[in-house]
Amino acid sequence: MSSSVNSTALWRSVLVRDLRIAARRRSDALNPLLFLLMVVTLFPLGVGPGPDILARIAPGIIWVAALLATLLGLDRLFKDDYNDGSLEQLCLLSQPLAFTLTAKVAAHWLLSGLPLVILSPVLALLLNLPLDAWWALALTLLLGTPALSALGAIGAALTLQLQRGGTLISLILLPLFIPLLIFATSAVENAGMGLAVHGQLAILAAISVLTVTLAPLAMAAAVRMSMN
Amino acid sequence: MWRWLHPYAKPEATYRLVDRLLPWFAALTIISLAVGMIWGLAFAPADYQQGDSYRIIYIHVPSAIFSMGAYFGMAVMGAIALIWQIKTAEWSIPAIAPVGAAMTAIALFTGAIWGKPMWGTWWVWDARLTSELILLFLYVGVMALYYAFDDQRTGAKAAAILAMVGVVNLPIIHYSVEWWNTLHQGATITKFERPSIATSMLWPLLISLLGFMLLTATLVMMRFKNELLRHELHRPWAQKVLGTAQEAD
């Protein structure tokens, strides 16, 4: 059967299409990152520029800013495809919808999660985070952001029919993000004190693997629900 | 095997069943809560370490357990609604969510009251407290999502999916006291070994647990009856129920 070949080809073409759209509308992908930089900039101004305080609260600031930045782009994740009908076409195909949607999640991660990892040395520098802790920060972002994208896609799919779903997305997603935040910041704090971080990193990886495999099922159910 | 359940996909049959069971549940709730509360708060012996202030356990533990129990029930109803497309299961979600949220709020509030004399603070960012707070947020999210849609069925399905996704939080809450060795004391009765509580304190606690379970069920059933009537207002049976109720007044 050619359908098994087709579903991976379809996956790749959806990914490439989403990346191409993002390349043509750069501001959509860049705005959340600029927002993140600005949020991070606000904290030294708000709590005072003392290097000790900043280094202590840096992991929390960066992760909270990352959560907020992830939320910003989510509204658009399925909306345009829903409005122009191409999402409906994906539903009608014989290829599994859950698998196809992971391509959109992957595109979202490449545009929101990966830039965060790349940006993390700059953020660490801004907030006076020591080098040992920066490695842990980059690793937590690398392991944690796929889960953010996957969980976020569930929220985006659930609120697809709503005209102003933005605030509702935040309301339903932030509670689900909290475990990631807890483990990530405790890993960075441990790294800053020279303690082992493998436990927290392993749990973050486990959460990511679990959400990336199971979330597409919820996503597909939510997208189908929005279609009628 | 499950054939006897089939009639209850019909709202009218479900309404009659709930209507018949509700007085029994209400009566048993009053009895068990009265016995559990009076025994626990007035007659159970004082704790050798915590004195009388431990007595709030008779409200705190049952409400915390059934804040999770109600969420689990809601998620099961969500699964039934999504898999078998049963409308009555969809309508039970808005019936359960506010009751569960209230239980969560009671658990957090009594926990804060208990925490003040024992730990010297109303609130700590401890794993179990935080995850219970997340549970409250999840309830709020489910309710917000349910009422956000113009089309009630879409809202119900969206809330069902969210309820099922949020279930992952329940084991986190339950095992948080074991995974993180934190300020919150360990489990007292919900473990497989012998309970680490004296029998004279355990019995009133078990009766309070039963009382809170029945209370949750009773409140959910009362709300569920209203939901059934609200969705079936245009049907003759619902009009008949409401009509006779008005005459009885």
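Not measured: the values here are computed from a predicted model. Letters A, B, ... mirror the listed sequences (proteins, then strands); counts begin at 1.
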State the OG1-CG distance between A:T159 and B:L162, to the nearest 0.5 angstrom.
-> 10.5 Å

Answer yes or no: does atom OH of A:Y82 have more than 12 heavy-atom neighbours from other residues, nucleotides or ligands under 6.0 Å?
-> yes

Nearest heavy-atom contact between A:L168 and B:A148 is CD2-CB, 3.5 Å

Separation between CE of A:M225 and CG of B:D151, rounded to the nearest 0.5 Å | 9.5 Å

Give the minimum heavy-atom separation between A:I172 and B:G141, together with the two atoms involved.
-> CG2-O, 3.7 Å

CD1 of B:I134 to CD1 of A:I182, rounded to nearest 0.5 Å, is 5.5 Å

What part of A:L158 is in contact with chain B, defined as an atom under 4.5 angstrom from a non-hydrogen atom: side chain, backbone, both or neither?
-> both

More than 12 heavy atoms of other residues, nucleotides or ligands under 6.0 Å from CZ of B:R223: is that the case?
-> yes

B:M143 atom CE: more than 12 heavy-atom contacts under 6.0 Å = yes

Check whether A:I154 gets within reach of chain B through its side chain, its backbone, both or neither, counting any heavy atom under 4.5 Å.
-> side chain

Has A:H198 got more than 12 heavy atoms of other residues, nucleotides or ligands less than 6.0 Å from its NE2?
-> no

CZ/A:F99: more than 12 non-hydrogen atoms of other groups inside 6.0 Å = yes

Determine whether more than 12 heavy atoms belonging to other residues, nucleotides or ligands lie under 6.0 Å from atom CH2 of B:W237.
-> yes

Do other residues, nucleotides or ligands put more than 12 heavy atoms under 6.0 Å from A:N83 CG?
-> yes

Would you say A:L171 and B:L145 make side-chain contact, with heavy atoms under 4.5 Å?
-> no

Write down the atom of A:P175, the atom of B:L138, and the distance for their closest heavy-atom approach.
-> CB-CD2, 4.2 Å

